[in-house]
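First up is the structure itself, then whatever we jot down about it.
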Amino acid sequence: AALAREAGYDGVEVMGSEGYFLNQFTAARTNQRTDSWGGSAENRRRLPVEVVGRVRKRCGPDFIIAYRISVLDLVEGGNSWPDVAALAKDVEASGANILNTGIGWHESRVPTIAHMVPRGAFTWAIKRLKAEVAIPVVASNRINTPEQAEQLIADGQADMVSLARPLLADPDFVAKAAAGASSKINTCIGCNQACLDHIFAEKRASCLLNPRACAETELVIGKTAEPKKIAVVGAGPAGLACAQQLARAGHEVHVFEKHAKAGGLLRDG
């Protein structure tokens, strides 16, 4: 945080969710200490509270501190709701400006961000947290469209919404939403195959819907100097994506599909 401050950044997020280090300290599942940093729920939440407090002291009153809190651990031995509420209040008192929310540890067997999870499935828990604190609370997990985000805020379930994977799928998400062109957003489908799966395999994150994600300077598609007439056989997702890129490059593209409608396996389920 001090380095961020010195580098000219206006804020930092302290990661206390998804089963990472600080979250491990707060949960009896992983905190087996017998000193003042373990044992009781109050002792277990001492480390994140101290971290936030020391960041505030080091970086000053005008530095924004967001704390990502695990609203639902979804693992045996995880934090109870009273534990989560108490941590939120203590972190707020220690100097956090914002509570960003996380749902579930990576070790949890409960799906939280996969495509089969309904959009906004955990916003009920985020709304419950919002009632416990005075600082803004940020909603996350399976929020993929600007309309959904706006509705969550309008309904009072959250003060803000955070997006991650949807911005890999379409880096122009915010610009399109601001321009009233949300129908043109390349919407994240929650497949996790090129983002999370790549990261866990120690590969670079990308996106199945947007192969240029994290490779924008390498996968550069410009106008061709030699336009060709190209046939694309099959109007499934791959064929249509191929046709689109070829057309953008300046080629004359003709798509052939044996069925009456495009979509391929995506349409057929």
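Side-chain atoms are counted along with the backbone in the values below, which use heavy atoms only and exclude waters and symmetry mates.
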Ignoring hydrogens and angles, tell me if any N or O in the side chain of Ser108 forms a donor-acceptor pair with the backbone of Val75 under 3.5 Å. no
Quick one: CD1 on Ile113 to CZ on Arg165, what's the gap to the nearest 0.5 Å? 4.0 Å
Residues pairing under salt bridge (charged side-chain N to carboxylate O under 4.0 Å, His left out) where one sits in residues 195-219, two or more places apart or in two chains, turn out to be Arg204-Glu218
Apart from Leu163 itself, what residues make up its hydrophobic cluster, given side-chain heavy atom links below 4.5 Å? Ile143, Leu152, Ile153, Val161, Leu167, Phe173, Val174, Ile185
Residue pairs passing the salt bridge (charged side-chain N to carboxylate O under 4.0 Å, His left out) test where at least one lies in residues 128-147, sequence neighbours excluded: Lys89-Glu132, Lys130-Asp159
In the hydrophobic clustering (ILVMFWY, side-chain contacts below 4.5 Å, transitive), which residues join Met15, or is it alone? Tyr20
Rounded to the nearest 0.5 angstrom, the CG-CG distance for Asn144 and Asp170 is 12.0 Å
Indicate yes or no: does Asp83 engage Arg44 in a salt bridge with an N to O separation below 4.0 Å. yes
Residues clustered with Met160, ILVMFWY side-chain links under 4.5 angstrom: Ile64, Ile98, Val138
When rounded to the nearest 0.5 angstrom, what distance separates CD in Gln244 from CG in Leu246? 10.0 Å
Glu50 CD to Phe25 CZ distance, which is reported to the nearest 0.5 Å: 11.5 Å
Gap between atom CZ of Arg119 and atom OG1 of Thr187 - 0.5 Å precision: 6.0 Å
Judged by modelled atom types alone, do Arg56 and Ser94 share a side-chain donor-acceptor pair under 3.5 Å? no
Members sharing Ile189's hydrophobic cluster, built from side-chain contacts under 4.5 Å between Ile, Leu, Val, Met, Phe, Trp and Tyr, are Leu209
